[in-house]
Amino acid sequence: MAYKITKGNRRVMVTKQLISDALLKLLEVKNIEKITITELCETAHVNRSTFYHHYTSQYDVLTEIEDEKVEDIKEMLQKIDPKKSFTVREQLEAILNYLKENRSAFLLFMNSKFILQDFSEKLFNLTLRQEFTEEYAPKELSPEQKELWRNFYQGGYYYLIYTWLESDSSATSSDVADLICNFLPMRKQ
């Protein structure tokens with residue numbers, strides 16, 4: 001169903017964009033935990049009641065930005081070539097290219113302790129969720145141990161990407177995709 005943009009909808013979209021942009025600007029100089037609603041509203045040039053009409057905290061704004069970024073990645077993957085079946089490695093490389101192209105924005109919210117678990121899981125699930133199903137987990141592990149095993153790979157995947165982006169490494173997206181695939185405990189794709 002197409003969403004009709006009306007004058008009221010446009011105003012909401014502009015207000016939310018102002019708040020998102022303000023939060024990203026503030027994240028350049030401080031952690032999310034140190035950003036106040038007052039400071040966020042002043043930077044966005046919106047009043048507190050307008051802010052609270054759309055959000056309950058600065059964390060809600062950050063989560064919305066995160067969700068938008070994940071949706072952007074999903075859309076980017078769908079546009080590549082819908083007729084072609086991509087391997088895990090090809091999907092990883094496409095995602096890494098996108099992250100590298102949008103490096104500064106991703107680093108801003110990847111730096112937040114608040115985002116780490118949630119965004120890490122969303123990013124991991126875009127490509128590797130199916131690869132870490134029961135068939136790849138060591139059979140002797142209990143369900144709790146299997147969850148820890150999956151979290152270990154998820155954390156490593158996320159941190160590898162984060163440090164690659166943060167260091168502005170000369171390694172290409174292809175190099176990093178190969179590295180990640182070499183760590184996978186499954187048949188190579």
Side-chain angles (χ1 to χ4, degrees), residues 1-3 16-17 20-21 23-24 27 32 59-139 141 143-189:
M1 181 170 115
Y3 186 69
K16 287 183 150 203
Q17 188 62 53
S20 294
D21 290 347
L23 182 62
L24 290 173
L27 284 171
I32 186 83
Y59 298 101
D60 287 347
V61 181
L62 197 56
T63 299
E64 188 172 277
I65 294 169
E66 170 190 299
D67 290 342
E68 288 171 2
K69 295 295 182 191
V70 170
E71 283 304 312
D72 289 348
I73 292 170
K74 285 179 184 177
E75 288 176 17
M76 178 268 309
L77 287 173
Q78 290 170 351
K79 289 179 184 176
I80 294 175
D81 186 351
K83 295 177 184 174
K84 183 178 177 187
S85 176
F86 287 93
T87 65
V88 169
R89 195 229 166 272
E90 290 170 325
Q91 288 177 1
L92 279 169
E93 186 174 355
I95 288 172
L96 292 166
N97 280 328
Y98 182 82
L99 293 174
K100 189 75 166 185
E101 289 167 10
N102 298 280
R103 178 179 175 266
S104 58
F106 279 102
L107 280 175
L108 283 177
F109 64 87
M110 286 176 88
N111 264 327
S112 172
K113 293 175 194 161
F114 172 76
I115 294 262
L116 183 60
Q117 177 64 33
D118 197 32
F119 183 67
S120 169
E121 187 165 341
K122 289 174 184 175
L123 192 58
F124 187 77
N125 286 342
L126 281 174
T127 54
L128 299 178
R129 180 188 65 232
Q130 292 179 340
E131 310 315 319
F132 282 81
T133 58
E134 288 291 317
E135 72 179 280
Y136 295 114
K139 304 294 183 221
L141 298 180
E144 294 84 15
Q145 290 171 324
K146 287 179 183 177
E147 183 64 22
L148 290 171
W149 175 81
R150 183 187 179 283
N151 289 341
F152 171 78
Y153 278 99
Q154 178 181 318
Y157 170 77
Y158 183 81
Y159 195 69
L160 186 148
I161 292 171
Y162 171 75
T163 55
W164 173 65
L165 290 174
E166 185 180 52
S167 69
D168 199 22
S169 170
S170 62
T172 66
S173 299
S174 180
D175 296 335
V176 176
D178 286 340
L179 184 61
I180 291 170
C181 286
N182 285 333
F183 290 140
L184 296 178
M186 58 187 178
R187 294 181 297 277
K188 300 294 182 238
Q189 304 240 6

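As the structure is a prediction and not an experimental result, all values here were calculated from the model.
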Measure the [atom1]-[atom2] distance between [X] and [Y] for me, rounded to the nearest 0.5 Å.
X      : Y      : atom1 : atom2 : answer
Leu160 : Leu179 : CG    : CG    : 5.0 Å
Asp175 : Glu93  : CG    : CD    : 9.0 Å
Gln91  : Ile95  : CD    : CD1   : 6.5 Å
Lys74  : Asp67  : NZ    : CG    : 8.5 Å
Lys100 : Ser169 : NZ    : OG    : 6.0 Å

Problem set entry | Pair Thr63, Asp60: side-chain N/O donor-acceptor within cut-off below 3.5 Å | no

Exercise. With a 3.5 Å cut-off and no angle check, do the side chains of Gln17 and Asp21 form a donor-acceptor pair?
Worked result: yes

For this session: Check the angle between the aromatic planes of Tyr162 and Tyr159 and answer parallel, tilted or perpendicular using the 30° and 60° thresholds.
Result: tilted

Exercise. If only atom types and distance count, is the side chain of Arg89 paired as donor or acceptor with the main-chain N or O of Ile180 below 3.5 Å?
Worked result: no

Kindly indicate whether the side chain of [X], heavy atoms from C-beta on, has any atom under 4.5 Å from the side chain of [Y].
X      : Y      : answer
Leu27  : Leu62  : yes
Leu92  : Val176 : no
Thr172 : Leu96  : no

Can you name the closest pair of heavy atoms from [X] and [Y] and give their distance?
X      : Y      : answer
Ser173 : Asn97  : OG-OD1, 2.6 Å
Leu165 : Arg103 : O-NE, 2.5 Å
Ala171 : Trp164 : O-NE1, 2.9 Å

Exercise. Under 4.0 Å between a Lys/Arg side-chain N and an Asp/Glu carboxylate O for Lys69 and Glu66?
Worked result: no

